[in-house]
Amino acid sequence: MNIIKYPNPSELEELLKRPSFEADYLESIVKNIITRVRQCGDQALFELNEKFDKVKLDTLIVSKQEFDAATNAVSDELKNAIQVAAENILKFHSSQKRVEKPVETSQGVTCWRKAVAIEKVGIYIPGGTAPLFSTVLMLAIPATIAGCSEIILCTPPDREGSINSAILYAAQLTGVTKVYKVGGAQAIAAMAYGTESIPKADKIFGPGNQYVTAAKQMVSLDGVAIDMPAGPSELAIIADASANPAFIAADLLSQAEHGRDSQVILFGTDEYLIKSVNEEMQTQIRDLPRKEIAKASLSNSKAILVKDINEALKLSNYYAPEHLIIATENAEDAAEKVLNAGSVFLGNYTPESAGDYASGTNHTLPTNGTARAYSGVSLDSFVKQITFQKITQAGIQNLGPAIEQMAEAEQLLAHKRAVTIRMA
Ligand SMILES: NC(=O)c1ccc[n+]([C@@H]2O[C@H](COP(=O)([O-])OP(=O)(O)OC[C@H]3O[C@@H](n4cnc5c(N)ncnc54)[C@H](O)[C@@H]3O)[C@@H](O)[C@H]2O)c1
Ligand SMILES: N[C@H](CO)Cc1c[nH]c[nH+]1
Ligand SMILES: [Zn+2]
């Protein structure tokens, strides 16, 4: 990783730039894909599967036999691990349920709010470079807790036309209704507009590469809701001399191995630590099967020497990482000053991989600086909050004059009459 010492504020924008495709190029490719799916439905999906995933299919839906075979193919050890993760994700997301009490805002006027599940949700499970079955748990478990009645899933097939067994096992375990063999921007378009085989969803969830993320953003302009832009993985680490360089190197590599366009940033207060982390990474990368991917993403990454923890926090808040590890003395104190991040990991024994798989928090998180305003997926993502109100006859006498005044001032006299007629 490139080491940068004490950067000037004027250099920050360039220094902390994310790797990305040229926007016009990405937009034109994704727009074409969406248009083809809207015009030709399943036929376009079959053609795009051939073009991008090199597989010729004659049906998109996963059959019962395929689900059964997948359940048999997953080892007991992996099933047990999935169970541990699923229980923690269930516990953490169930704790997010809350019931609000009705409020009498004025005498005779009662208002309340109720969370109601989004009926049809579409979840995208990445499968281009790695089959992310953990993402099935992260999306389908909160959808099930919320009570969504239809949970459909799209994921790219391999060259034999199969879906990874653990993805199918996790889908079955968590109540996914149907699974379809299609990936990329075409899967997002199919769930947004519907095709002969794939039903239209009310909201689309899930991470993916830049094509998937751009497609989600484009279809969201057309009435379908999306969770957030959850693109290529990112990790920032704030570390001081108390951090363990081998742990830090392992964490940086863990996100670098996701994809060539992943990015990892180390903000260190100690030059010796930064050097040791770099050396450790060179050793640890050697036996990684995905070392070429990790190397490519490390070329987009940086280690930045800063004067102190406050400076590191300032830069991290500016960068707004998807994940932030704080490996410093008194990490909890530093955490109080985090303003922008998707998910934060504190201390020396909290690897980011814990949140990716099994601690309970959600790993579908905002990237590309959108953590400045977006939250990661949670139970709230799968419900809409509907407000209700009930006004008694005495209540309308009480509140009516204020409404009449305001309606008259806005020159909306039919609004005024709807109140006056009840007060007579
Ligand atoms: N932010 C998060 O919460 C989060 C969580 C998990 C994973 N991720 C990220 O998700 C991404 C997964 O990416 P992936 O590529 O492995 O899988 P993916 O499933 O997102 O994308 C694969 C699909 O991309 C399409 N595609 C490939 N090349 C194309 C091209 N030239 N033109 C048009 N479409 C093309 C293909 O249809 C293929 O099916 C990684 O970047 C990872 O870092 C993010
Ligand atoms: N780190 C990814 C989110 O950026 C999530 C993930 C899934 N599997 C492994 N990691
Ligand atoms: Zn990960």
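Atoms within each ligand, like the ligands themselves, are counted from 1 in listed order. The analysis underlying the following values was restricted to heavy atoms, covering all of them including side chains, and did not include hydrogens, waters or symmetry mates.
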Visitor: I need the nearest protein heavy-atom contact for atom 3 (C) of ligand 2: residue, atom name and distance, please.
Guide: E322 OE2, 3.3 Å
Visitor: Are any of the N/O atoms on L365, whether in the backbone or the side chain, positioned under 3.5 angstrom from an N/O atom of ligand 1?
Guide: yes
Visitor: Any N/O/S atom from D356 (main chain or side chain) under 2.8 Å of the Zn ion (ligand 3)?
Guide: yes
Visitor: Using a 4.0 Å heavy-atom cut-off, which part of E234 comes near ligand 2: side chain, backbone, both, or neither?
Guide: neither
Visitor: Applying a strict 4.0 Å limit to heavy atoms, is P232 in contact with ligand 1?
Guide: yes
Visitor: Given the rule in the side-chain hydrogen bond (donor to acceptor under 3.5 Å, both in side chains) test, do T370 and N368 qualify, once you have shown the distances and angles that lead to the verdict?
Guide: CA-CA 6 Å; T370 56; N368 200 23; over 6 Å; no
Visitor: Non-hydrogen atoms of A185 versus ligand 1: any pair closer than 4.0 Å?
Guide: no
Visitor: Would you indicate which of P229, S134, S233, G259 comes nearest to atom 43 (O) of ligand 1 when only heavy atoms are counted?
Guide: S233
Visitor: Can you check salt bridge (Lys or Arg N to Asp or Glu O under 4.0 Å) on K31 and D24, steps first, answer last?
Guide: CA-CA 10 Å; K31 225 184 215 162; D24 292 347; over 6 Å; no
Visitor: Can you check whether T135 has an N/O within less than 3.5 Å of an N/O in ligand 2?
Guide: no
Visitor: For atom 9 (C) of ligand 2, what's the nearest protein heavy atom and its distance?
Guide: Y357 OH, 3.3 Å
Visitor: What do you reckon, is NZ of K54 surrounded by more than 12 foreign heavy atoms closer than 6.0 Å?
Guide: yes
Visitor: Any idea which atoms of ligand 1 are less than 4.0 Å away from a heavy-atom of P207?
Guide: 2 (C), 3 (O), 4 (C), 5 (C), 6 (C), 7 (C), 8 (N), 44 (C)
Visitor: Is it true that Q186 lies under 4.0 Å from ligand 1, counting heavy atoms only?
Guide: yes
Visitor: Under a 4.0 angstrom heavy-atom cut-off, which atoms of ligand 2 come close to H258?
Guide: 1 (N), 2 (C), 6 (C), 9 (C), 10 (N)
Visitor: Could you see which bit of P156 sits under 4.0 Å from ligand 1, with heavy atoms only: side chain, backbone, both or neither?
Guide: side chain
Visitor: I'd like to know if D380 pairs up with R98 as an ion pair, taking the criterion as any Lys NZ or Arg NE/NH1/NH2 lying under 4.0 Å from an Asp or Glu carboxylate oxygen.
Guide: yes
Visitor: If you count heavy atoms of other groups shown closer than 6.0 angstrom to NZ of K291, is the number above 12?
Guide: yes
Visitor: Distance only, no hydrogens: is a donor on one side chain within 3.5 Å (strictly under) of an acceptor on the other, for E66 and S63?
Guide: yes
Visitor: So, is G127 polar-close to ligand 1, with some N/O to N/O distance under 3.5 Å?
Guide: yes
Visitor: Looking at ligand 1, does any of its N/O atoms fall within less than 3.5 Å of an N/O of T367?
Guide: no
Visitor: Does ligand 2 come near enough to Q255 that some N or O of the ligand is less than 3.5 Å from an N or O of the residue?
Guide: yes
Visitor: Please list, in number order, the atoms of ligand 1 under 4.0 Å from a heavy atom of G128.
Guide: 14 (P), 16 (O), 17 (O), 18 (P), 19 (O), 22 (C)
Visitor: Please classify the V30 to ligand 1 contact at 4.0 Å (heavy-atom distances, strictly less than): side chain, backbone, both or neither.
Guide: neither
Visitor: List every atom of ligand 2 that sits less than 4.0 Å from any heavy atom of S134, numbering the atoms from 1 in the order shown and giving each element.
Guide: 7 (C), 8 (N)
Visitor: Is there a heavy atom of M138 sitting under 4.0 angstrom from any atom of ligand 2?
Guide: no
Visitor: Ring-plane angle category for F247 and Y349, please: parallel below 30°, perpendicular beyond 60°, tilted otherwise.
Guide: perpendicular
Visitor: Give a yes/no answer: is there an N/O/S atom of H363 under 2.8 Å from the Zn ion (ligand 3)?
Guide: no
Visitor: For F52 and ligand 1, does the shortest N/O to N/O distance drop below 3.5 Å?
Guide: no
Visitor: May I ask you to check whether V212 has an N/O atom sitting below 3.5 Å from an N/O atom of ligand 1?
Guide: no
Visitor: Between N209 and ligand 1, is there a nitrogen or oxygen pair with a distance under 3.5 Å?
Guide: yes
Visitor: Crowded around K56 NZ? As in, over 12 foreign heavy atoms under 6.0 Å?
Guide: no
Visitor: Within this structure, what is the CE-NZ distance for the pair M191 and K216, rounded to the nearest 0.5 Å?
Guide: 9.0 Å
